[in-house]
K.L.:
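Pasting a structure here, questions to come.
So that the names make sense, note that chain A is the first sequence line, chain B the second, and so on, each numbered from 1.
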Amino acid sequence: VRCQLSPPQRPLQASAVLRRVSDEQKEPLASSSQQQFDSHPADHQPEQEPQGPRPSYTGQGGQESEDYESEEQLQHRILTAALEFVPEHGWTAEAIAEGAKTLGLSVAAAGMFHSDGSELVLHFVSQCNTKLSELLEQEQKLVQLGKAEKKPTDQFLRDAVEARLRMLIPYIEKWPQALSILLLPHNIPSSLNLLTSMIDDVWHYAGDQSTDFNWYTRRAVLTGIYNTTELVMMQDSSPDFEDTWRFLENRVADAMNMGNTANQVQSTGEAVVQGLMGAAVTVSN
Amino acid sequence: VYQVFESVAKKYDVMNDSMTLGIHRVWKDILMHKMNPSPGTLLLDVAGGTGDIAFRFINYVRSVRERQLQRKLKHHQNLSWQEISETYQEDKLKSLGDSQVVVCDINKEMLKVGKQKAQHLGYSEGLSWVLGNAEELPFDDDKFDVYTIAFGIRNVTRIDLALQEAYRVLKPGGRFLCLEFSHVSNPLLSRLYDLYSFQVIPVLGEVIAGDWKSYQYLVESIRRFPPQEELKAMIEDAGFLKVDYQNLNLGIVAIHSGFKL
């Protein structure tokens, strides 16, 4: 993240849009560009835009940069604003352009992003994962404080996956498009990364519940459950996606059984081997 | 500079085609794709004389608009014919979707050629032609969504002033795009390119446009122009953020892009 103001070279060229975090409390500056924001209702924080030289900052140099929003933060804000337009425009540069407009920026700001809407989808997925983590964290706190019961693994997994998939509901119509964008070769590293870290998170919070699977199998199994349930959800037209949750329940149950079966296979295998050894010993004698 | 372009104006397009073997059209198309303008964009094309960028912009926006309308119509499949025809009509009127391009040039002759071309090719709406100097633009602050300068910035005496003006007239969030000849780092290509530039181009200039000197000037101005990184630094100095450049043809031409954030 570059310093926004490198003192000697940029005499008082305050950026037009990147706002000072502390300015949010002050009254809006009266400058010509503020007219764009009159249409925004008062409950939406008016964008503070320091226009032109601000004498009070002379000589304070590099310190100002910490208060200014970075380009990445601005990009995140644009993408978040763009989500509102996804149901209408899909996961496209158009949605991003509309999002930029609501922030008072020119539609050309969408040029900062890839023209296929990749960043928008990735941003959304990342946001959902963060929300899920927070949810699971809160639940864990409640359990630790003794205010809630600790859930058995299968229930926990079901609830976590359901919570995460429910976040897709507002965008469900355009979600197939999003999935295809996530599968584009240049997006696969990022999308795979997001998926695995989400699955990791869920297992982390499901934590110390014994399942007898090893770590890789756990990940693979849950990823499989999540992906298949997601696909089922795309096709589901039942009220509140009942069919999807039932599918999920069955898959999780299968996975649990698989664990038991694996155990049984192992112990049966051991028993068989021992039997054979015994037989061999007997025969040799 | 003014006199060079006065004499060059009429033959400008022909010379472009012959000098670059027609590739300049591809470069300009790439510029348009990079811009990816959505309908409703207000474009300022500086030093845009004969209108190449402007016409491409209009074509692009028109096709985007058509696709948008088609998508809307697909969604309207349950409406009655009456309602469909009404929406169709009102959208027809806005075939450009409120997009506009202002072509600004310092040279009257170039603008004249541009206007004639526009008439000839049938471009009527969404176009304006303004006489102006890139170092001191006759426009208000925060007006345009995109500012382009294609093969014009090397002719500006004070590039920093032009960049500052660009910053001034762009809306917050607006984009600066510059298409210009630049530095070739590959040594083999560089030698071939030099050979071509100094031996072939002035000769073409003499043969086609009857003007050796202007094209000699052209080639020299290309050599004198700052290379990619330097231009990038200058753009950043004017206040633009997320400044980046894309080399076309290994650096013969580069597109610099920056945002007013």
Side-chain angles (χ1 to χ4, degrees), chain A residues 1-2 4-6 8-19 31-37 47 49-52 68-75 77-78 87-90 92-117 173, chain B residues 31-44 57 60-61 64-65 67-68 71-72 74-75 97-99 140-148 160 163-164 167-177 233-244 246 255 257-261:
Chain A
V1 173
R2 275 185 18 245
Q4 297 308 317
L5 292 178
S6 32
Q9 291 126 349
R10 290 226 213 145
L12 313 173
Q13 276 274 8
S15 321
V17 171
L18 302 189
R19 54 183 183 177
S31 69
S32 52
S33 65
Q34 295 308 314
Q35 282 148 16
Q36 302 170 30
F37 306 131
E47 309 288 331
E49 300 192 341
Q51 287 271 334
Y68 279 89
E69 186 178 52
S70 73
E71 291 164 11
E72 277 136 57
Q73 283 176 310
L74 178 65
Q75 284 185 297
R77 271 203 303 139
I78 295 179
E88 189 188 336
H89 293 281
T92 57
E94 278 168 9
I96 301 180
E98 292 292 320
K101 259 209 300 210
T102 59
L103 291 181
L105 294 174
S106 153
V107 290
M112 280 195 285
F113 307 98
H114 219 208
S115 54
D116 61 2
E173 267 175 44
Chain B
L31 177 68
M32 202 42 57
H33 258 96
K34 196 175 169 94
M35 192 197 300
N36 195 16
S38 45
T41 301
L42 191 54
L43 170 68
L44 173 65
F57 174 78
Y60 196 99
V61 163
V64 172
R65 183 90 179 123
R67 257 186 299 141
Q68 265 184 355
R71 243 185 296 144
K72 256 185 21 180
K74 264 201 277 185
H75 281 188
D98 294 330
S99 322
D140 289 331
D141 298 1
D142 302 332
K143 260 198 89 181
F144 296 97
D145 290 303
V146 187
Y147 173 110
T148 50
D160 52 339
L163 292 174
Q164 279 171 29
Y167 191 85
R168 180 180 70 81
V169 301
L170 276 176
K171 280 192 215 162
R175 189 174 196 183
F176 169 85
L177 282 167
M234 290 171 79
I235 297 175
E236 284 170 355
D237 281 340
F240 289 100
L241 295 175
K242 284 203 78 77
V243 180
D244 204 8
Q246 180 188 356
I255 299 182
S257 160
F259 289 88
K260 176 176 177 173
L261 290 176

K.L.:
Would you mind telling me which of A:Glu88, A:Met112, A:His89 has the largest number of heavy-atom pairs within less than 4.5 Å of chain B?
P.N.:
A:Met112
K.L.:
Test your reading of the model: is there a side-chain donor-acceptor pair from B:Lys171 to the backbone of A:Ser106, 3.5 Å cut-off?
P.N.:
no
K.L.:
Return the orientation label for the B:Phe240 and B:Tyr167 ring planes: parallel under 30°, perpendicular over 60°, tilted otherwise.
P.N.:
perpendicular
K.L.:
Please state whether the side chain, the backbone, both or neither of B:Asp145 comes within less than 4.5 Å of a heavy atom of chain A.
P.N.:
both
K.L.:
Quick check on A:Gln75 against chain B: is it the side chain, the backbone, both or neither that has a heavy atom closer than 4.5 Å?
P.N.:
side chain
K.L.:
Under 4.5 Å heavy-atom distance to chain B, tell me which part of A:Ala100 shows up: side chain, backbone, both or neither.
P.N.:
neither
K.L.:
Under the rule for side-chain contact (heavy atoms from CB on, under 4.5 Å), what residues qualify as partners of A:Asp116, not counting sequence neighbours?
P.N.:
A:His114, A:Ser118, A:Leu184, A:His186
K.L.:
Under the side-chain contact (heavy atoms from CB on, under 4.5 Å) rule, collect the residues that match up with A:Glu173, sequence neighbours excluded.
P.N.:
none
